[in-house]
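See below for the structure under consideration.
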Amino acid sequence: MRVETHLPLGKVDPGIRAAEISLDLTTVGAQAELVERLGFDGLVLTETKEDPFVVMAVGADRTERLRLTTAVAIAFPRSPTVTAMTAWTLARLSQGRFTLGLGTQVKGHIERRYGLRWSAPGPWIREYVDAVRAVWRTWQEGAPLDHRGEHYRLSLMNPLFDPGPIAHPDIPVHLAAVRPGMARIGGQVADGVGPHPICTRAYLDDVLRPAVDAGAASRGRSPEDVEVVASPLIVTAPNEAELAKKVSDVRARISFYASTRTYRPVFSHHGWDDVAEQLSRLSREQRWDEMEALVTDEMVHTIGVVGTYDEIAEQVWRRYQGICSAVEFSLPVHGPEDHERLAEAVRAVRQGF
């Protein structure tokens, strides 16, 4: 199993609460080098507080082997041609190690954070990927740019703005997915699908992977051509006493996701609709402090991957082996003394048990 990590190295993201370690942009290059030395296969960054393309450019310049992925960049606020150019540049800089990971975001963010008009995200992202690839084909093959769809009409590419062919033009595209419709679209047009951290093993087995496979089959593709990359909620600590304290952070994050309708299919799949409805009501009333108590131990252990430092690598491998080809994983790192422990955990997840 391929093992990737977010920056900052050692971040175990509690979600809606402040992270113990924040990203220092001045150390990105050194951290990327360290990630490579510790044996990770890839480095990823989500578009939340920093531009992931900028960070991946720094990582590309300071590493030789790491796969570099935006997991994820938000597609719709960017023109497909803008995204195509950024990915083309990163593919050249990294010598073919860049993966373009895209997400759609929910209606509220598209309208009120990005100021765009909302449209059904499934057909939109399908066309978006096709449009990006149309631009790439024009640059690589010299064919006239001719994409005509509901959202984009692209037909102009003169020599001043054409970077021309590159050595590694087959840039993988990954799509984030929670619901089966988006997973099916990933199977149709993407090289990989990134399930949301809220997705459980049962939901992957029963819902998402079958949807990916069906999407691939509908386009005459092999399901094996579309990988699934897990991004789990890791709950870990050096011992059981410290682990119990960490569980509170994950309860809070799960309560937030359960209150949001976008993620409801996962909770419905496990029969947790009543809890999700209660949490939705509390969130509308902004009674945030009361929400965590409704998240049961069963929910924590089904959604999160829970274990001490000595246990967590095996827990991660057992959760995702056989269904995912890669997993995002880390352990807390507070100094050089933690590097060997993390490197051993990475080796264990890669090799299996």
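Atoms considered below: every heavy atom in the structure, side chains included; atoms not considered: hydrogens, waters and symmetry mates.
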- Message: Regarding Glu311 and Arg318, does a basic nitrogen lie under 4.0 Å from an acidic carboxylate oxygen?
- Response: no
- For side chain to side chain contact (heavy atoms under 4.5 Å, CB included), just list the numbers for Leu38 and Val346, CA-CA rounded to whole Å, side-chain angles, deciding distance to a tenth of an Å, and then say yes or no. CA-CA 8 Å; Leu38 292 178; Val346 170; 5.8 Å; no
- Query: Between Ala176 and Val72, which heavy-atom pair has the shortest distance, and what is it?
  - Reply: CB-CG1, 3.9 Å
- Item | Exam field: side chain Ser248 to backbone Lys245, donor-acceptor pair closer than 3.5 Å | no
- Which atom names give the shortest non-hydrogen contact between Leu66 and Ala32, and what distance separates them? CD1-O, 3.6 Å
- Backbone of Leu43 reached by a side-chain donor or acceptor of Thr5 within 3.5 Å: no
- Is there a side chain to side chain donor-acceptor pair (under 3.5 Å) between Glu298 and Thr296 once you walk through the steps? CA-CA 5 Å; Glu298 179 193 14; Thr296 65; 4.5 Å; no
- Distance-only, no hydrogens or angles: does the Arg253 side chain make a donor-acceptor pair with backbone N or O of Asp249 under 3.5 Å? no
- Query: How about Ile110 and Ser119: do any of their side-chain heavy atoms sit closer than 4.5 Å?
  - Reply: no
- Note on the structure: Closest non-hydrogen contact found for Val250 with Leu233 is CG1-CD1, 4.2 Å
- Over 12 non-hydrogen atoms of neighbours within 6.0 angstrom of CD in Glu344: yes
- Atom CD of Glu340: over 12 foreign heavy atoms under 6.0 Å: no
- Between Asp41 (side chain) and Glu4 (backbone), is there a donor-acceptor pair under 3.5 Å? no
- Message: Between Ser330 and His6, do the side chains contain a donor N or O and an acceptor N or O under 3.5 Å apart?
- Response: no
- Side chains of Trp272 and Ile254: closer than 4.5 Å at any heavy-atom pair? no
- Note on the structure: Sorted by chain and number, sequence neighbours left out, salt bridge (Lys or Arg N to Asp or Glu O under 4.0 Å) with Arg126 holds for none
- Going through the checks in order, is the side chain to side chain contact (heavy atoms under 4.5 Å, CB included) test met by Ile312 and Phe329? CA-CA 10 Å; Ile312 195 66; Phe329 171 74; 4.0 Å; yes
- Message: For a quick test of reading the model, state the closest non-hydrogen atom pair linking Arg264 to Ala276 and the distance between them.
- Response: NE-CB, 3.3 Å
- Task: For the pair Trp88 (side chain) and Trp136 (backbone), establish whether a donor and an acceptor sit closer than 3.5 Å, ignoring hydrogens and angles.
- Result: no
- Side-chain donor or acceptor of Glu127 paired with backbone N/O of Tyr152 under 3.5 Å: yes
- Task: Flag yes if Leu208 and Val316 sit in one hydrophobic cluster, no otherwise; membership is Ile, Leu, Val, Met, Phe, Trp, Tyr, and two members link when side-chain heavy atoms are under 4.5 Å apart.
- Result: yes
- Quick one: does Tyr203's side chain have a donor or acceptor within less than 3.5 Å of a partner on Val178's backbone? yes
- Message: Is there a side-chain contact between Ser259 and Leu282 in this structure, where contact means two heavy atoms from C-beta onward sitting under 4.5 Å apart?
- Response: no
- Task: For residues Met157 and Trp139, determine if any side-chain heavy atom of one lies less than 4.5 Å from a side-chain heavy atom of the other.
- Result: yes
- Measure from the side-chain N and O atoms of His196 to the backbone N and O of Ile198, and report whether any donor-acceptor pair falls under 3.5 Å. yes
- Query: Among side-chain atoms of His270 and Thr200, is any donor-acceptor pair under 3.5 angstrom?
  - Reply: yes
- Message: Checking Glu292 against Ser255: is there a side-chain donor and acceptor pair closer than 3.5 Å?
- Response: no
- Message: Going by side chain to side chain donor-acceptor pair (under 3.5 Å), name the pairs with one or both residues in residues 57-71, residues two or more places apart or in two chains.
- Response: Glu33-Arg62, Thr63-Arg97, Arg67-Thr99, Arg67-His174, Arg67-Glu227
- Is Leu156 reachable from Met85 through a run of hydrophobic residues whose side-chain heavy atoms are each under 4.5 Å from the next? no
- If you look at every heavy atom in Ala71 and Val44, which pair is closest and at what distance? CB-CB, 3.9 Å
- Query: Okay, side chain of Ser268, backbone of Asp273: is any donor-acceptor separation there less than 3.5 Å?
  - Reply: no
- Query: Under the side chain to side chain contact (heavy atoms under 4.5 Å, CB included) criterion, do Leu9 and Phe40 qualify, and how do the steps go?
  - Reply: CA-CA 11 Å; Leu9 181 64; Phe40 282 96; 4.0 Å; yes
- Does a sphere of radius 6.0 Å around CG in Asp289 hold more than 12 heavy atoms from other residues, nucleotides or ligands, not counting ones at 6.0 Å or beyond? no
- Salt-bridge test for Arg133 and Asp130: reply yes if a basic N is under 4.0 Å from a carboxylate O, no otherwise. no
- Message: With a 3.5 Å distance limit and no angle check, can you tell me whether Arg319 reaches the backbone of Pro232 through a side-chain donor-acceptor pair?
- Response: no
- Message: Is it the case that atom CZ in Arg219 sees more than 12 heavy atoms from other parts of the structure closer than 6.0 Å?
- Response: yes
